[in-house]
Amino acid sequence: MTRRGFARYLTTGAFLGVAGGGWYWLNAPRDESRFSVDLMLDQLEGMARGPVKATGTWDSFRTFNHLAQSVEFSIAGYPTQHSALFQVTAGALAFKVFKAPEAMTHGLDDVIPGEVVAAETGDTKAAIARLSTALQAFRAHEGELKPHFAFGALSKADFAIAHVLHINNHLEEIAAGQA
């Protein structure tokens, strides 16, 4: 075997090894029970009892209303959609990448495309209640869910995970128990 042939052999083997490992990492079975809507509702109930303070760009009212709209959109439909091609390629891959390490990271002051912001500030407890109501409606919903604007069509279980991961990402900028 020539040096060039050996280098090609090594490069191909390395690529296949990395690709295979990446595929396994994205598709490996995981315990997703800690990403349940019920656990999130319990967490929100605790947050509603005490003061909360936002540490990011948005105040806590704006954050919880954004999260509520995201859940509501999964039932009613997102105002704007990325292309179907984007959803089945980059969007589907993005969801797998967020789901695999069980953590979502995104711009925490990015609005949902088409999201209408009625008010920037208001009663945080009312916004937490709106999010709780939206999650309860999602949990009770038995009909078809609307495609996510970026991830596309998701099963109810995957949508629940997406919602909880989204909420958890935003809660990184919420300090509970502080006014």
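Hydrogens, waters and symmetry mates are skipped; everything else that's a heavy atom, side chains included, is used. No experiment lies behind these values; they were computed from the predicted model shown.
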Answer with yes or no whether the hydrophobic clustering places I161 together with L44; edges join I, L, V, M, F, W, Y residues whose side-chain heavy atoms lie under 4.5 Å apart.
yes
On a heavy-atom basis, the closest approach of A134 and A68 is CB-O, 3.9 Å
State, yes or no, whether a side-chain contact exists between I174 and T55 at a heavy-atom distance under 4.5 Å.
no
Any side-chain to backbone donor/acceptor pair from Q87 onto A92? Under 3.5 Å, distance only.
no
Kindly give the heavy-atom pair with the smallest separation between P79 and P113, and that separation in Å.
CG-O, 3.7 Å
For F151 versus G91, what's the shortest heavy-atom pair and its separation?
CD2-O, 3.3 Å
Carboxylate-amine/guanidinium proximity below 4.0 Å for R139 and D38:
yes
With side chains defined as the heavy atoms from C-beta onward, is the minimum distance between S74 and K146 less than 4.5 Å?
no
Value for CE (M40) from CG (L165), rounded to nearest 0.5 Å, stands at 9.0 Å
What distance do D158 atom CG and K96 atom NZ have between them, rounded to the nearest 0.5 Å?
8.5 Å
Taking the six-membered ring of F61 (Phe, Tyr or Trp), confirm whether the NZ or CZ of K125 is under 6.0 Å from its centre and within 45° of its axis.
no
With no hydrogens and no angle check, is any side-chain donor or acceptor of K156 less than 3.5 Å from a backbone partner on H141?
yes
What about L154 and F86, same hydrophobic cluster or not, with Ile/Leu/Val/Met/Phe/Trp/Tyr joined at side-chain heavy-atom distances under 4.5 Å?
no
When rounded to the nearest 0.5 angstrom, what distance separates NE2 in H170 from CG in L131?
10.5 Å
Give me the atom names and distance for the closest heavy-atom approach of H66 to I112.
CE1-CG1, 3.6 Å
Partner residues of Y78 under the ring pair (Phe, Tyr, Trp, His ring centres under 6.0 Å) criterion, sequence neighbours left out:
F73, H148, F149
Steps toward side chain to side chain contact (heavy atoms under 4.5 Å, CB included) verdict (S70, H163)
CA-CA 8 Å; S70 179; H163 287 318; 4.1 Å; yes
L171 with V52, same ILVMFWY side-chain cluster at under 4.5 Å:
yes
Heavy-atom closest pair, residues E173 and G56:
OE1-CA, 3.3 Å
With R62 via salt bridge (Lys or Arg N to Asp or Glu O under 4.0 Å) - residues at least two apart:
E115, E120
In Å, rounded to the nearest 0.5 Å, how long is the span from CG of D42 to CE of M47?
13.0 Å
Judged by atom type as modelled, is there a donor-acceptor pair below 3.5 Å linking the side chain of T124 to the main-chain atoms of S60?
no
Reported CZ-to-CG distance for the pair F138 and L41, which is rounded to 0.5 angstrom
11.0 Å
Can you name the one residue among N168, I167, V164 that meets side chain to side chain contact (heavy atoms under 4.5 Å, CB included) with Q43?
N168
Tell me whether W58 is reachable from F64 by hopping between hydrophobic residues (I, L, V, M, F, W, Y) whose side-chain heavy atoms are closer than 4.5 Å.
no
Please say yes or no: joined through hydrophobic side-chain contacts below 4.5 Å, possibly via intermediate residues, are L108 and V71 part of one cluster?
no
